[in-house]
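To start, the structure itself, in structure tokens.
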Amino acid sequence: MVIKNDKAGRKSSAGANKKADTNSQNETASKENLHTLIAKQTLEDIEKLSENLRFAAVTGSKIGSSIAGMTKDYFEKHPKMDPLGLAPYTAEVTSKIASKPEQILDAQQKLWNGYAEIWADMVKNGFNDNPVEDKRFNSPEWQSNIMFDMLRRTYLHTSNWLLDLVNSVDDVDDLTKRKASFFTQQMANAFSPANFLLTNPVALKEMYLSQGESVVRGMTNMLADFQRGNGQLSLSQTDLDAFQLGKNIAITPGKVVYRGKVFELIQYSPTTEKIFEIPLLFFPPWINKYYVLDLREDNSMIKWLVAQGFTVFVVSWVNPTAELAEFGFEEYVDHGVLEAINAVQSATKSKKINCVGYCIGGTLLATAAAYMAQVGDDRINSVTFFASQQDFIESGDLKIFTDDAAYKFIADEIEYGGGVLDAKVMTDTFNYLRSNDLIWSFVINNYLMGKTPKPFDLLYWNSDQTRMPKALHLFYLDKFYRNNDFAEGRLLIHGKKLDLKDVNFPVYMQASKEDHIAPYRSIFRGAKLFGGEVRMILAGSGHIAGVVNHPDANKYQHWLPKDGAVIPNNVDDWFNSLTEHKGSWWNDWKRWLGTHSGKKVKPRKPGDGGLEIICDAPGTYVLMK
């Protein structure tokens with residue numbers, strides 16, 4: 001036995017040493033530059049690399065066959081090569097540039113001067129060790145090889161020059177310039193050398209380090225994404241198997257206490273000895289699922305609010321099928337906002353309710369509030385808006401998808417979907433607004449590097465989109481984005497012409513400094529429309545991270561006005577009057593909300609009032625894919 005154990009021990013030790021040697025070799029190789037790594041390739045390495053590349057090529061042919069088979073029906077019904085009508089706008093801007101020869105000559109001079117500076121710097125200084133601001137090129141491999149350093153610099157100079165040229169056109173309307181700029185930006189992003197295996201030194205290095213296995217993994221990942229998208233590329237942004245609603249995400253304890261045609265109402269269980277008397281009711285965007293407000297325990301807004309002593313209710317919108325195709329904006333006012341308010345009153349017996357609207361959910365809430373003012377319904381005590389617009393004149397990047405061509409494309413997509421807009425259309429739209437972060441970074445990671453996306457709760461939520469009913473979505477695009485009827489006093493709900501000056505309860509408005517969907521300038525225009533007291537604050541970051549920023553994270557910053565200050569008429573005056581503070585804005589909101597939430601009372605548990613418990617949170621509507 002002793003001898004046997006000794007042999008086993010020696011064998012185990014030898015195996016461990018061999019593994020350690022391999023790891024050490026891999027670690028050493030990973031620190032070498034690409035040129036040195038290629039020079040050290042043995043015949044065995046090259047044979048293994050060739051075999052894996054051959055296998056990857058076979059997988060690529062399978063992808064081609066799969067796409068051809070699965071997309072035939074789709075492309076028969078979607079024959080247009082430019083469904084969003086971007087080309088005419090780009091052509092108009094191009095013609096304007098072409099009509100000014102002096103501008104072309106000046107632009108060409110700037111282009112070639114830039115190239116000359118790059119080449120002169122390369123000759124004089126060689127490799128560039130300066131920090132790289134563009135994170136697409138922050139790997140040392142882009143700078144340690146003169147060919148890739150030159151490629152990086154010339155690409156950035158050319159793409160920036162082209163965008164500046166398009167944006168310099170001043171005799172076209174704003175929408176034309178924005179669509180042309182968007183198209184140009186997408187083209188520039190797509191043609192980045194980082195997006196192609198042969199021009200990405202990091203991906204090439206990984207290919208040699210793995211002897212081609214990274215390419216095989218990448219092709220396998222791509223095939224899986226095409227199959228998951230039924231012939232359309234459904235790009236994986238996170239590990240979709242890492243999260244389960246109610247298990248490790250959307251886990252704040254609560255109960256579904258009401259179920260309507262378009263929403264389930266969740267009431268969360270109290271955790272404090274006393275609570276504020278007036279309940280808090282959330283209307284998240286129906287274009288996404290509510291649990292962005294209840295991700296993990298350490299970043300859940302809902303859990304945090306419950307811990308501050310608020311009775312929290314959240315509307316969890318249905319993921320609509322064709323059955324709701326003709327459910328329009330008025331139906332969502334009636335069977336969404338008003339029905340939810342009725343349910344909360346039944347559950348709490350409270351005469352007043354504080355409401356919160358996020359993004360498009362806030363637009364719906366503001367519309368309902370203006371309608372309630374018209375009919376003498378004063379049950380809303382205060383409203384908070386997160387990244388929510390009421391005036392759409394200066395609305396964000398989504399406006400480029402609302403002109404006639406884009407509107408027709410969306411209407412056609414809805415018809416193709418049987419009365420609902422497929423969730424993938426909205427997912428792709430939002431992804432293209434930040435294509436380098438939400439598309440190309442994953443193309444590089446998943447396909448060129450052959451890696452698996454990491455678990456990320458926010459990106460899991462981002463991929464869990466919902467469908468849009470025909471009548472609701474087209475009304476929203478037409479009346480708000482296209483015609484700005486609400487802000488300009490033309491919007492009718494049940495025959496009542498709405499005016500936000502009639503809304504005179506206290507309003508708290510949150511905007512984010514870097515929000516590209518609901519810019520703070522647009523939100524400011526809406527803040528000036530209300531008839532009562534408005535406190536508008538500015539958060540750091542963007543549309544999601546600017547809102548969901550737990551105080552314990554100590555991230556970003558926010559800017560506050562003086563207490564009781566009246567919002568000035570000019571947005572720049574408002575911006576310059578703010579005072580910067582570190583971290584999250586939630587505590588300021590909690591303080592404001594506390595002054596509008598009545599006295600402290602005994603906790604209310606789900607089921608204590610007039611509504612019976614239906615099931616545990618997060619409910620059933622949120623699970624619909």
Side-chain angles (χ1 to χ4, degrees), residues 244-247 249-270 279-294 300-303 305-306 310-350 353-358 360-361 364-365 368 372 377 379-380 419-420 423 461 464-473 604-625:
Q244 187 175 353
L245 293 178
K247 299 295 183 182
I249 196 169
I251 57 174
T252 301
K255 306 290 183 182
V256 173
V257 294
Y258 182 85
R259 181 177 291 143
K261 195 163 189 177
V262 300
F263 73 94
E264 287 181 331
L265 184 68
I266 302 171
Q267 180 180 356
Y268 289 91
S269 303
L280 187 63
L281 171 59
F282 276 85
F283 293 96
W286 63 81
I287 212 164
N288 306 106
K289 294 184 178 179
Y290 85 88
Y291 64 88
V292 68
L293 302 168
D294 187 30
S300 169
M301 176 183 279
I302 290 171
K303 181 178 183 294
L305 285 167
V306 171
F310 294 99
T311 302
V312 179
F313 292 82
V314 173
V315 164
S316 175
W317 298 106
V318 71
N319 192 351
T321 62
E323 177 188 358
L324 294 177
E326 298 306 322
F327 246 59
F329 211 83
E330 289 183 341
E331 283 76 18
Y332 267 67
V333 168
D334 294 342
H335 299 286
V337 176
L338 299 181
E339 197 169 309
I341 289 173
N342 292 339
V344 171
Q345 285 196 308
S346 297
T348 63
K349 307 303 180 188
S350 177
I353 296 173
N354 291 323
C355 295
V356 182
Y358 189 174
I360 192 173
L364 176 68
L365 176 59
M372 292 169 72
D377 188 338
R379 290 176 294 170
I380 294 180
V420 291
W461 167 83
D464 191 14
Q465 300 276 358
T466 60
R467 293 176 291 271
M468 299 293 109
K470 173 184 176 180
L472 173 68
H473 197 60
R604 305 183 186 96
K605 296 179 182 179
D608 283 351
L611 298 179
E612 296 182 357
I613 293 172
I614 297 174
C615 64
D616 289 335
T620 59
Y621 281 3
V622 75
L623 302 178
M624 297 179 183
K625 297 293 185 180

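Numbers for residues simply follow the sequence, beginning at 1. Keep in mind that this is a model prediction, so the values were computed, not measured.
Put simply, the side chain of D608 gets close to the backbone of K605: a donor and an acceptor are under 3.5 Å apart. Here the side chain of S300 pairs a donor or acceptor atom with the backbone of K303 at under 3.5 angstrom. Distance alone, capped at 3.5 Å, places no donor-acceptor pair between the R467 side chain and the A423 backbone. In this structure, K289 contributes its side chain and M624 its backbone to a donor-acceptor pair below 3.5 Å.
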Next on the checklist: Does T311 form a side chain to side chain contact (heavy atoms under 4.5 Å, CB included) with L280? I'd like the steps, not just the answer.
Outcome noted: CA-CA 6 Å; T311 302; L280 187 63; over 6 Å; no

Checklist entry - Run the side chain to side chain contact (heavy atoms under 4.5 Å, CB included) check on D464 and K625 step by step: do they pass? => result CA-CA 7 Å; D464 191 14; K625 297 293 185 180; 3.2 Å; yes

Checklist entry - How far apart are the C-alpha atoms of E264 and T620, what are their side-chain angles, what is the distance that settles it, and do they pass the side-chain hydrogen bond (donor to acceptor under 3.5 Å, both in side chains) test? => result CA-CA 8 Å; E264 287 181 331; T620 59; 2.5 Å; yes

Checklist entry - Which is it for Q244 and I249 under the side chain to side chain contact (heavy atoms under 4.5 Å, CB included) test, yes or no, and what are the steps along the way? => result CA-CA 6 Å; Q244 187 175 353; I249 196 169; 5.9 Å; no

Item to check | Chi angles and distances behind the side chain to side chain contact (heavy atoms under 4.5 Å, CB included) call for M468, I287 | outcome: CA-CA 7 Å; M468 299 293 109; I287 212 164; 3.6 Å; yes

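Note that CE of M301 and OH of Y358 are 8.0 Å apart. Values are rounded to the nearest 0.5 Å. Atom CD1 of I341 sits about 7.0 Å away from atom CG of D377, to the nearest 0.5 Å. Here L611 contributes atom CG and S346 contributes atom OG; the two are 5.0 Å apart, rounded to the nearest 0.5 Å.
Heavy-atom minimum distance, L365 versus G357: CD2-N, 3.6 Å. Between P320 and L324, the closest heavy-atom pair is CB-CD1, 3.9 Å. Between L265 and A343, the shortest heavy-atom distance links the atoms CD2-CB, 3.6 Å. Annotation for P279 and V344: closest pair CG-CG1, 3.8 Å, computed over non-hydrogen atoms. Heavy-atom minimum distance, V420 versus A322: CG1-N, 3.9 Å. The minimum heavy-atom distance between N288 and T466, with the atom names listed, is N-OG1, 4.0 Å.
In this structure, L293 and F282 have side chains that are in contact, with non-hydrogen atoms separated by less than 4.5 Å. No side-chain heavy atom of F310 sits less than 4.5 Å from a side-chain heavy atom of Y268. Taking the side chain as every heavy atom from C-beta outward, R379 and N342 approach each other to under 4.5 Å. Between M372 and L338, the closest side-chain pair of non-hydrogen atoms falls below 4.5 Å. Looking at heavy atoms from C-beta onward, L245 lies in side-chain contact with Y291 at the 4.5 angstrom threshold. Within the 4.5 Å cutoff, the side chain of V356 has no heavy atoms near those of the L281 side chain. In this structure, W317 and P284 have side chains that are in contact, with non-hydrogen atoms separated by less than 4.5 Å. Contact check for F263 versus S316: no side-chain heavy atoms found under the 4.5 Å cut-off.
Checked against a 6.0 Å centroid threshold, the rings of F327 and H335 count as neighbours. Aromatic ring centres of W286 and Y332 lie closer together than 6.0 Å.
For the residue pair E339 / Y258, a side-chain donor-acceptor distance below 3.5 Å is found, with atom types taken as modelled. Side chains of R604 and T348: no donor on one and acceptor on the other come within 3.5 Å.
Every side-chain contact (heavy atoms from CB on, under 4.5 Å) that K255 has, sequence neighbours left out, goes to V257, P606, I613, D616.
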